[in-house]
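Single-structure report; data block below.
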Amino acid sequence: MNKRWLMLTLAGMMIATACSNGNDGNGNPPAAGVDTPDNGEKQVEKASFTIFNAAGAAKDVNTNETTIGKILEEQTGVNFRLEHLVGDINTKIGTMIASNEYPDVLIPDAAIDKILDAGAFIPLNDLIEEHGPNIQRVYGPYFNQMTAEDGNIYFLPFSNLVNEFVPDPNINQGAFWVQRRVLKEAGYPEIRKLDDYFDLLRDFRAKHSGEDLTGFVALTHDWRFFATSNPPMHLEGYPNDGNVIVDMDTHEAKVYAATDSTKRWLKALNDLNAEGMFDKASFVDNYDQYLAKLTSGKVLGFFDYGWQIGNATNALRDAAIADPSQDDYRYFPLPVTFDGQKDQYLDPPGFVKNRGIGITVSAQNPERIIQYFDNLLTDENQALVMWGIEGETYERNEEGRMYRTEEQINKIDEAFNESFGFKYYSWNWPRYGGGSTFADGNSLGPGEQPEVFQMSLTEGDKKILEEYGVQTYAEMFAAPDDRPWFPAWGIPKEQGSPQQLWETQREELTKKYFPRLVLSTPAEFEAIWTEYTTEFGKLDTEAYEQWTTEEVKKLIEQNG
Amino acid sequence: MSAASTSKAKKTFRRYSSREDRIFDICNYTFLFILMLVTLYPFINTLAVSLNQATDSIRGGITVFPRAFTFDNYAYIFKENSVMHATMISVLRSVIGTVLTVFCSAMVAYTMSRQEYVLRKFVTIAFILTMYFNGGLIPNYLLIRELNLIGTFSVYIIPGLIGVFNLIIIRSFIDGLPESIIESARIDGAGEYTTFMRIILPLCVPVLATVALFTAVYQWNSWFDVFLYNSSYPNLSTLQYELQKILQNSNASMTSRTAADAFASSGNVHANTVTPLSIRATMTIVASVPIIMVYPFLQKYFVKGMMVGGVKG
Amino acid sequence: MENTPVGTSPLKTAAGKPAGFWTKLFRQRSLVYMSIPFLIWLFVFKYVPLWGWTIAFQDFKPARGLFDQQWAGLKHFEFLFQDERFLRVLRNTLAMSFINLVLGFVTAIGLALLLNEVRHIVYKRVVQTVSYLPHFISWVVAASLVQSTLSPDGTINQLLLWAGIIDKGNEILFLGIGEYFWGLFGAASVWKDVGWNTIVYLAAMTMIDPAQYEAAEIDGASRLQRIWYITLPGIKPVIIVLLIMQIGYLLEAGFEPQYLLGNGMNVDYSEVIDIFVLKYGIAQGNFSLSVAAGMFKTVVSFVLLFAANHLAKRMGEARLF
């Protein structure tokens with residue numbers, strides 16, 4: 001009889017497992033729904049919604065558990081339960097679409113084309129008309145660009161400029177970087193041409209031949225390969241438009257992956273390699289190995305986008321704060337072009353149209369959500385989400401300029417960002433775009449406020465900036481020209497479109513041939529280049545250029 | 001055979017071929033020692049990185065010992081309140097999942113090993129074929145949804161109840177048992193259940209321990225089902241899923257231009273105290289140590305082993 | 001034996017009368033009860049989702065309903081087979097899979113045999129536990145260890161320098177040479193999983209009757225002879241069954257290690273079917289292509305599986321079914 005019992009117990013366990021949490025089995029995530037009215041002075045009914053954020057990475061929280069979210073809840077009665085994507089975006093979004101069940105609000109990031117295709121977002125036009133005076137003020141100038149072909153607006157992007165533009169004083173975008181000691185030893189020369197830049201590295205390495213230095217490394221790992229394929233565009237004096245250079249007069253988009261610019265860039269690397277200046281392992285190293293090399297102090301120069309090397313530059317900065325002599329090993333950005341033409345490394349104010357936040361067909365009370373969004377877009381609340389609370393996380397001087405004290409700067413670390421809510425509110429909501437300013441002239445982002453930037457500089461930073469006669473790193477670079485289409489890589493492409501296919505093939509081909517071109521002997525270079533261009537000629541590049549040109553022209557008209 | 005005669009035979013054997021024996025042993029022990037070094041290294045290295053300051057680890061070159069010792073990486077993981085609860089869920093799914101899987105697999109394997117069972121071939125092939133196809137992500141998701149398993153604990157247990165690989169191993173093992181054992185059970189009038197519970201299960205302990213280990217490891221390590229079905233249900237989150245979250249979080253400002261801009265724009269001057277590199281190492285240790293500790297308990301069943309053959313006599 | 005209780009024996013049908021299928025089934029009802037629930041489970045969770053295969057013949061978009069999809073005929077299969085790259089990724093998949101199969105079996109069985117010969121029980125346990133540690137390290141971490149070991153300033157190049165096989169400045173870029181990739185992949189896979197793979201063989205060895213060893217000892221058989229004539233035959237059925245199963249997986253060469261260790265320089269040798277499908281299927285929002293590739297793999301698996309099983313049967317060995 002014993003075994004009977006055992007079998008029964010096991011069967012029982014199975015049934016128990018099958019039924020446990022069965023009360024939740026209807027597929028409704030918890031925390032959604034409308035609560036009973038709050039009997040406070042404000043007669044707002046409390047409501048809670050869900051947001052799925054595929055773009056950011058942070059803890060899943062209720063917004064009203066943060067200081068900012070609590071204040072916003074008091075104003076609107078609305079709380080959001082935030083969920084962030086953990087695994088593959090296409091898988092997660094795919095299951096939502098297949099089951100036609102969505103969170104109330106969705107930030108689909110790169111999968112936005114799938115979401116639009118699925119009709120998962122509700123049109124916002126009427127809601128904005130009725131409940132969105134601030135949305136109209138902030139996004140109004142961009143409505144043209146935000147309107148889909150069917151005449152509806154489905155989501156709110158994040159990069160709409162409000163008021164005057166302030167550039168980021170730091171270099172988050174592309175630049176040719178060089179170790180500070182190289183500049184110091186050469187007497188802080190002005191370097192504008194690629195050849196001068198490489199000569200600078202050559203001289204230094206020759207003088208320090210016993211130190212086992214690497215002249216130049218490149219980042220090629222996985223999707224970060226563009227750090228090696230983009231420079232020809234910048235060297236020609238253009239900003240990062242992705243696969244194309246857009247002519248300023250004719251507005252023709254030209255793919256540069258197999259043009260003379262790219263050839264010149266690769267030939268320069270090929271020469272470096274022949275001299276033993278180039279780190280061969282660049283083409284096999286992973287991202288961590290690359291960062292390790294940058295922090296080793298042995299690498300003299302490289303091209304990259306500032307945002308990709310944050311962990312390395314921060315580590316170097318920390319070391320220099322602990323021991324000022326280490327400042328020599330930090331890197332300094334230079335505006336290098338092929339022939340010293342005007343550089344365009346700094347991003348012009350751009351409008352990224354293929355990212356944003358939208359309300360889904362599953363949302364019960366879209367008007368409450370749009371009201372919340374609208375309420376976010378006041379000057380006061382934008383200051384709240386970016387700067388925080390006056391007297392706590394920022395101060396104002398007599399002229400009304402906003403700044404942070406040393407103490408406040410130190411207080412705001414990762415843990416504070418989370419508990420206060422900066423981490424959850426500073427991006428991925430309807431907002432003033434990066435580089436915007438308030439009506440009173442203060443910067444939207446503390447990072448762009450000159451007063452805050454100055455405080456962040458170390459003695460070494462101040463010295464080198466002084467040597468070059470500039471206040472900020474950005475001043476090393478030419479001011480960005482106006483490009484209404486910028487960034488061309490942000491032009492939405494349809495799922496499985498010929499453009500997407502072309503981009504995949506382009507990447508595959510360049511990844512395969514660039515290493516060969518750089519690492520071959522100088523004598524072989526021409527032959528491999530011919531082979532590469534023949535292969536490249538098989539792609540339908542013309543169609544891609546034509547499509548991009550058309551889209552660019554559309555954008556110019558919309559801005560018109 | 002009595003224990004005494006066994007040990008006596010061993011002694012005789014030792015005396016006769018001690019030289020050859022010793023050479024073999026020396027080679028064998030040395031080889032295994034080298035193997036141990038090679039397989040231990042990744043773990044030691046990971047441990048060293050996890051105990052090293054994140055900002056220092058970026059420089060690379062950590063091998064066996066941490067360079068700038070710290071517990072910060074562990075503190076970063078365990079400061080999350082969700083981790084303890086998630087660990088509990090992981091333990092629960094590992095225990096329940098393992099018990100049910102082992103029992104159910106053994107039962108099916110037993111029926112598959114009964115030569116006279118008319119459905120034997122059908123059952124066997126029906127199971128084996130499923131190893132080589134799957135309907136795809138979306139159909140599976142829709143099925144789970146139709147069965148109301150989304151947002152439940154059972155979604156961790158039921159869809160993966162029987163692994164065909166496990167089934168086959170158990171069946172091979174049962175096939176290797178002497179038929180006489182079962183026949184004698186029959187003579188005693190035992191039915192199928194009794195034979196299975198009383199005779200087969202106890203004899204299969206070594207293979208069941210193996211399958212239990214496979215299943216426990218599988219259950220402990222899975223996070224894809226959490227991601228797919230239960231990501232909106234924090235109460236059902238598992239350790240591996242929470243660790244994935246923490247990893248992603250540690251990477252936040254370096255994965256895209258926009259995220260980096262947001263970070264820069266916030267005016268935050270503090271360098272990241274954690275990096276994906278360090279967190280990945282730390283979570284490897286956090287997630288693997290508990291399951292590795294299970295091993296010695298199961299090991300005794302198949303290394304020293306109760307010699308099944310011995311039952312024969 | 002003759003006195004088996006009449007009628008109650010499920011082992012043999014009553015002598016003389018060949019019982020019909022249903023009669024037999026009824027007699028074996030306890031076995032039926034023990035397997036039918038799981039057959040239903042199998043049907044629901046494994047066979048029902050197979051409707052998803054229709055996706056391969058459609059231009060599938062998740063947004064459209066089940067019946068609103070556009071039919072595409074064999075388009076996706078044609079795309080797959082006509083692409084010249086497909087032949088290359090197929091070759092790579094088969095090659096790496098085969099290497100893995102051979103190396104995986106030989107090393108795991110070899111290690112299990114060696115472990116079985118260790119008399120010192122603590123040493124045996126320690127070695128076994130340690131050898132399976134790399135299994136718990138994700139491929140992401142393992143691949144980065146492999147990358148740093150193989151880098152120009154990594155351990156392997158240091159060793160070669162030290163041994164005078166290469167000169168300073170001529171360090172070998174192992175992962176940059178396509179021809180090396182299969183071998184490196186095989187070695188990395190063995191390193192990661194050899195310990196783990198021994199477990200099942202060690203379990204199988206517990207089945208071997210100790211009396212056989214005792215007899216062999218008395219006959220004066222050497223250590224190697226005992227391994228060859230007793231241990232190996234003892235675990236042969238398990239080996240054969242696992243081998244047949246694995247042969248069915250010949251088009252599954254893994255995905256993560258190739259993806260993580262692959263780069264532009266070795267892509268001609270490192271790209272496997274799954275990576276191809278990721279690039280041109282899933283990343284392009286083309287679910288249909290990945291389903292088509294999955295179906296192709298299934299068909300090949302079935303062919304290989306039945307062939308291997310048949311072969312085993314012909315050779316009089318244990319078989320899968």
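Labels below follow one simple rule: chain letters A, B, ... track the order of the sequence lines, proteins then strands, and each chain is numbered from 1. Bear in mind the structure is a predicted one, so any value in this text is a computation, not a measurement.
With hydrogens and angles left out, the side-chain atoms of B:Arg186 and B:Thr195 include a donor and acceptor closer than 3.5 Å. Judged purely by distance below 3.5 Å, without hydrogens or angles, the side chains of B:Gln299 and C:Gln128 pair a donor atom with an acceptor atom. For B:Gln240 and B:Asn221, the side-chain atoms include at least one donor-acceptor pair closer than 3.5 Å. A donor and an acceptor atom, one from each side chain of C:Ser35 and B:Tyr110, are nowhere located under 3.5 Å apart.
Contact of B:Leu143 with chain C is made through the side chain alone, with heavy-atom distances under 4.5 Å. Proximity to chain B (any heavy atom under 4.5 Å) is restricted, for C:Ile244, to the backbone atoms N, CA, C and O. In this structure, chain C has a heavy atom under 4.5 Å from the side chain of B:Tyr41, while its backbone stays farther away. With a threshold of 4.5 angstrom between heavy atoms, C:Val44 approaches chain B through its backbone and through its side chain. Residue B:Asn134 touches chain C through its backbone alone, counting heavy-atom pairs closer than 4.5 Å.
For the options C:Val200, C:Ile240, C:Asp153, C:Val238, heavy-atom pairs under 4.5 Å to chain B are most numerous at C:Val200. For chain B, the option among C:Phe287, C:Phe21, C:Tyr213 with the highest count of heavy-atom pairs below 4.5 Å is C:Phe21. Taking C:His120, C:Lys46, C:Met245 one by one and counting their heavy-atom pairs under 4.5 Å with chain B, the maximum is reached by C:Met245. Options B:Val164, B:Ile138, B:Thr46, B:Ile168 differ in how many heavy-atom pairs under 4.5 Å they form with chain C, and the most are formed by B:Ile168. Most heavy-atom pairs under 4.5 Å with chain B, from the set C:Leu39, C:Leu42, C:Thr298, C:Leu115: that is C:Leu42.
Ring planes of B:Phe133 and C:Phe302: perpendicular class, angle over 60° (limits at 30 and 60°). Using bins of under 30°, 30° to 60° and over 60° for the plane-to-plane angle, the ring pair C:Tyr132/C:Phe136 lands in the perpendicular bin.
Using a cut-off of 4.0 Å between Lys/Arg side-chain N and Asp/Glu carboxylate O, C:Arg27 and B:Glu192 are scored as not salt-bridged.
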Going through the checks in order, is the side-chain contact (heavy atoms from CB on, under 4.5 Å) test met by B:Arg171 and B:Val108? CA-CA 9 Å; B:Arg171 193 204 61 183; B:Val108 178; over 6 Å; no
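Applying the side-chain hydrogen bond (donor to acceptor under 3.5 Å, both in side chains) test to B:Gln244 and every residue at least two apart in sequence or in another chain returns nothing.
Distance OG/C:Ser288 to CH2/C:Trp53: 15.0 Å, rounded to 0.5 Å.
The stretch residues 279-290 of chain B places B:Arg280, B:Thr284, B:Ser288 near chain C, each with some heavy atom under 4.5 Å from a heavy atom of that chain.
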